[in-house]
Amino acid sequence: MGIFFAQTMNQLSPILGAFVVISALIFAGFIGFTDVFPMESWRKQILVSVLIAYGIYRGYRVYLQFKHHQKK
């Protein structure tokens, strides 16, 4: 049971990470191109920049996980 759970989590982690990357980038686009959340333009630019930077950082981490799993 423990081995199955560990293998499932190793496969699930990169998939969840990719979902987080896609969600962050979609949310950044949503914030950047709509006025649903009224805020000053400088705050909007900072928030979009942080979300894009996080998406890139997390995307790199997901890439390393996929690369690590392919070597096994």
Side-chain angles (χ1 to χ4, degrees):
M1 180 74 172
I3 294 172
F4 174 74
F5 182 72
Q7 289 175 346
T8 304
M9 287 305 294
N10 284 338
Q11 294 171 352
L12 190 61
S13 180
I15 294 170
L16 289 175
F19 178 73
V20 168
V21 169
I22 292 168
S23 298
L25 295 177
I26 288 173
F27 191 55
F30 180 73
I31 295 283
F33 295 114
T34 63
D35 287 330
V36 173
F37 301 114
M39 62 179 75
E40 295 90 0
S41 64
W42 65 271
R43 286 185 188 207
K44 186 181 286 193
Q45 291 171 354
I46 290 174
L47 181 59
V48 168
S49 299
V50 167
L51 285 169
I52 289 173
Y54 178 72
I56 292 170
Y57 166 74
R58 190 68 182 136
Y60 176 70
R61 296 288 306 262
V62 168
Y63 168 74
L64 290 179
Q65 283 182 337
F66 277 125
K67 190 175 168 183
H68 177 72
H69 286 301
Q70 286 180 352
K71 286 183 181 180
K72 288 185 177 182

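As the structure is a prediction and not an experimental result, all values here were calculated from the model.
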Mind listing the side-chain donor-acceptor pairs of residues 22-33 below 3.5 Å, one per line with the distance, residues two or more places apart or on another chain?
residue	atom	partner	partner atom	Å
Ser23	OG	Phe19	O	2.9

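Under the side chain to side chain donor-acceptor pair (under 3.5 Å) criterion, Gln65 pairs with Ser13, sequence neighbours left out. Among residues two or more places apart in sequence or in another chain, the salt bridge (Lys or Arg N to Asp or Glu O under 4.0 Å) test is passed with Arg61 by none.
Placement of Tyr60 and Leu16 in two distinct hydrophobic clusters is found when ILVMFWY residues are connected by side-chain heavy-atom separations under 4.5 Å, directly or transitively. Note on Val36 and Val48: same hydrophobic cluster, where clusters join Ile, Leu, Val, Met, Phe, Trp and Tyr whose side-chain heavy atoms are under 4.5 Å apart, directly or indirectly. Residues Leu64 and Leu12 do not share a hydrophobic cluster, clusters being chains of Ile/Leu/Val/Met/Phe/Trp/Tyr side chains in contact below 4.5 Å.
Sequence neighbours left out, not one pair with a member in residues 48-57 passes salt bridge (charged side-chain N to carboxylate O under 4.0 Å, His left out). For residues 46-58, no residue pair satisfies the salt bridge (charged side-chain N to carboxylate O under 4.0 Å, His left out) rule, not counting sequence neighbours. The list of side-chain hydrogen bond (donor to acceptor under 3.5 Å, both in side chains) pairs with a residue in residues 27-42, not counting sequence neighbours, reads Asp35-Lys44, Glu40-Arg43.
Note that CD1 of Ile52 and CG of Leu47 are 10.0 Å apart. Values are rounded to the nearest 0.5 Å.
With a 6.0 Å radius and a threshold of 12 heavy atoms from other residues, nucleotides or ligands, Phe66 has its CZ atom above the threshold.
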